[in-house]
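Worksheet: one structure, shown below.
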Amino acid sequence: MGRSQILLLCSLSLCLSIAVADWNILNQRTKNGLQISLRNYCESWRMNVELHNIRGFEVVPEECASYIGKYVTSTQYKVDSERAIEECIVFLSTSCNLKKDGKDAWIFDIDDTLLSTVPFYKKHHYGGDKLNMTSFEEWQSESKAPVLDHSLRLFNELKSRGLQIFLISSRREHLRSETTKNLLSVDIHGWTNLILRSHEDELSSVQDYKTKARKELINKGYRIWGIVGDQYSSIEGIPNAKRTFKLPNPMYHVC
């Protein structure tokens, strides 16, 4: 190889090294020239997940995993969640003309709506690792997921007002007994029906499965006043409820 070729290769190598070195979030700027800190970047990423601008991600960005972990174990996460539940209660108290004929209904998701999966995700970098469904279902089968207190408060409020409560989860049918055990262990009881995914339902997207379940309830005469879930796939689609409420969850995305 000639001297000129060696020099060319060295130059290209240097350029690539510089390009890689510069590709660091701490060195990036916005279109307006503002310096972006790692916290700025991760907060923006989390917010755009909640706004449903970022969808279909398999893992939390590596540089943001610890930030997401701090958020879902923080007072801010609790406050954000409690604010959503407060809005449910305001809606229930001011805008629901309940008939009290046994057909007034409300829907809850389960994971990260009634029960927290944060203990599982803590062991997997708060979504920084790609989800292993086998490992996740093994954890679910232990029936040790802690309750989300703010959601339990809403659950009990709905019960006291005589609404029929339906739990529609993307958990699979073979986890029914373990899921029931977990719910009862944290004082969640008195629901009307627990709906889990059958083998046939697994051929559909989560959103299609949940809209199908809602259609069946409406065909039975139920009036669905509200839905609470941590994923848009739990609250979007036709038919829908009078109001839907989204709880924060930047750890994963289910469609």
Side-chain angles (χ1 to χ4, degrees), residues 72-73 77-78 80-82 84-86 88-89 92 102-124 131 133-199 201-202 206-207 209-214 216-217 220 222 224-235 241 244-249 251-252 254:
V72 297
T73 56
Y77 169 75
K78 293 179 181 178
D80 291 346
S81 299
E82 288 177 1
I85 295 304
E86 286 295 333
C88 292
I89 294 174
L92 181 64
K103 293 297 183 180
D104 296 313
W106 196 282
I107 294 172
F108 283 89
D109 182 27
I110 293 181
D111 290 309
D112 296 301
T113 298
L114 286 170
L115 302 176
S116 174
T117 69
V118 170
F120 171 82
Y121 278 92
K122 180 181 179 180
K123 299 177 182 179
H124 299 276
L131 178 64
M133 185 55 69
T134 299
S135 176
F136 186 47
E137 289 194 335
E138 287 174 354
W139 179 83
Q140 289 174 321
S141 69
E142 295 174 1
S143 305
K144 294 181 180 179
V147 70
L148 292 168
D149 292 331
H150 45 274
S151 296
L152 177 59
R153 182 163 63 91
L154 174 62
F155 185 96
N156 289 332
E157 180 68 24
L158 293 165
K159 274 202 311 182
S160 72
R161 299 192 186 211
L163 280 86
Q164 306 300 308
I165 300 175
F166 293 90
L167 311 183
I168 304 179
S169 172
S170 59
R171 291 188 178 202
R172 296 194 291 174
E173 181 62 39
H174 70 87
L175 288 170
R176 177 171 294 276
S177 62
E178 293 86 349
T179 299
T180 300
K181 178 182 177 182
N182 198 159
L183 291 166
L184 294 176
S185 72
V186 294
D187 208 26
I188 297 175
H189 54 82
W191 61 82
T192 303
N193 196 8
L194 169 61
I195 302 171
L196 304 177
R197 294 181 83 178
S198 66
H199 179 70
D201 291 324
E202 291 178 34
V206 170
Q207 182 171 313
Y209 148 66
K210 293 195 173 187
T211 54
K212 174 188 172 185
R214 292 199 296 269
E216 290 174 357
L217 293 179
K220 292 178 181 178
Y222 288 103
I224 304 175
W225 290 102
I227 303 173
V228 182
D230 66 292
Q231 299 290 318
Y232 279 94
S233 54
S234 293
I235 63 178
T244 60
F245 299 87
K246 169 76 167 61
L247 292 173
N249 182 2
M251 296 185 296
Y252 57 85
V254 177

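Please read all numbers here as calculations on a predicted model, not as lab measurements. In this chain, numbering begins with 1 at the start of the sequence shown.
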Note to self: Contact between L115 and N182 at the side-chain level, heavy atoms closer than 4.5 Å - yes or no?
What the structure shows: yes
With sequence neighbours left out, the residues meeting side chain to side chain donor-acceptor pair (under 3.5 Å) with R214 are none
E138 meets the side chain to side chain donor-acceptor pair (under 3.5 Å) criterion, sequence neighbours left out, with none
The side-chain contact (heavy atoms from CB on, under 4.5 Å) partners of D149 (sequence neighbours excluded) come to V147
When rounded to the nearest 0.5 Å, the distance separating CG of D230 from CE of M251 is 8.0 Å
Residues P248 and D80: closest non-hydrogen pair is CG-CB, 4.0 Å
Value for CG (L114) from CG (L167), rounded to nearest 0.5 Å, stands at 6.0 Å
With sequence neighbours left out, the residues meeting side chain to side chain donor-acceptor pair (under 3.5 Å) with S141 are none
On a heavy-atom basis, the closest approach of D109 and S169 is OD1-CA, 3.9 Å
Contacts satisfying salt bridge (Lys or Arg N to Asp or Glu O under 4.0 Å) that involve residues 177-188 (not counting sequence neighbours) are none
Looking at K103, I want to see if its NZ is surrounded by more than 12 non-hydrogen atoms of other residues, nucleotides or ligands under 6.0 Å. yes
Across all chains, not counting sequence neighbours, the salt bridge (Lys or Arg N to Asp or Glu O under 4.0 Å) partners of E137 are R172
So that I can tick it off, tell me whether E157 and R153 are bridged by a salt bridge, with the cut-off set at under 4.0 angstrom between side-chain N and carboxylate O. no
In short, ring pair (Phe, Tyr, Trp, His ring centres under 6.0 Å) pairs touching residues 160-192 with sequence neighbours left out are F166-Y222
Smallest heavy-atom separation, A145 atom then S116 atom, equals CB-O, 3.5 Å
Here the gap from S151 atom OG to I188 atom CD1, rounded to the nearest 0.5 Å, amounts to 8.0 Å
Rounded to the nearest 0.5 angstrom, the CG-CG distance for L92 and D104 is 9.5 Å
| query | Are Y209 and I195 close enough, and set up right, to give a side-chain contact (heavy atoms from CB on, under 4.5 Å), and what steps lead you there? | reply | CA-CA 10 Å; Y209 148 66; I195 302 171; 3.8 Å; yes
Residues passing the ring-ring contact (aromatic ring centres under 6.0 Å, His included) test with H124, sequence neighbours excluded, are F120
Taking every heavy atom of K246 against every heavy atom of A84, the minimum-distance pair comes out as O-CB, 4.1 Å
Sequence neighbours excluded, the answer for side chain to side chain donor-acceptor pair (under 3.5 Å) partners of S198 is D201
*Relative to each other, are the rings of F108 and W106 parallel, tilted or perpendicular (30° and 60° limits)?*
tilted
So the salt bridge (Lys or Arg N to Asp or Glu O under 4.0 Å) pairs with at least one residue in residues 110-124 (sequence neighbours excluded) are D111-R171
Taken in chain and number order and not counting sequence neighbours, the residues that satisfy side-chain contact (heavy atoms from CB on, under 4.5 Å) with E216 are K212
Between L148 and S81, is a side-chain contact (heavy atoms from CB on, under 4.5 Å) present by the stated rule, with each step listed? CA-CA 9 Å; L148 292 168; S81 299; over 6 Å; no
In terms of heavy-atom contacts, L247 and I85 come closest through CD2-CD1, 4.2 Å
Output for pair (Q164 CD, I224 CD1), nearest 0.5 Å, gives 12.0 Å
What one should report as the nearest heavy-atom pair of V72 and Y77 is O-CD2, 3.5 Å
Is atom NZ of K159 surrounded by more than 12 heavy atoms (other residues, nucleotides or ligands) closer than 6.0 Å? yes
**Report entry** N/O donor-acceptor pair under 3.5 Å between T192 side chain and I165 backbone
**Finding:** yes
Y252 side chain near L131 side chain, heavy-atom distance below 4.5 Å: no
Taken in chain and number order and not counting sequence neighbours, the residues that satisfy side-chain contact (heavy atoms from CB on, under 4.5 Å) with R176 are E173, T180, L194, L196
Distance col, row I168:CD1 vs I227:CD1, nearest 0.5 angstrom, shows 7.0 Å
**Request:** Using modelled atom types only, decide if a donor and an acceptor are shared between the side chain of Q140 and the backbone of T117 within a distance under 3.5 Å.
**Result:** no
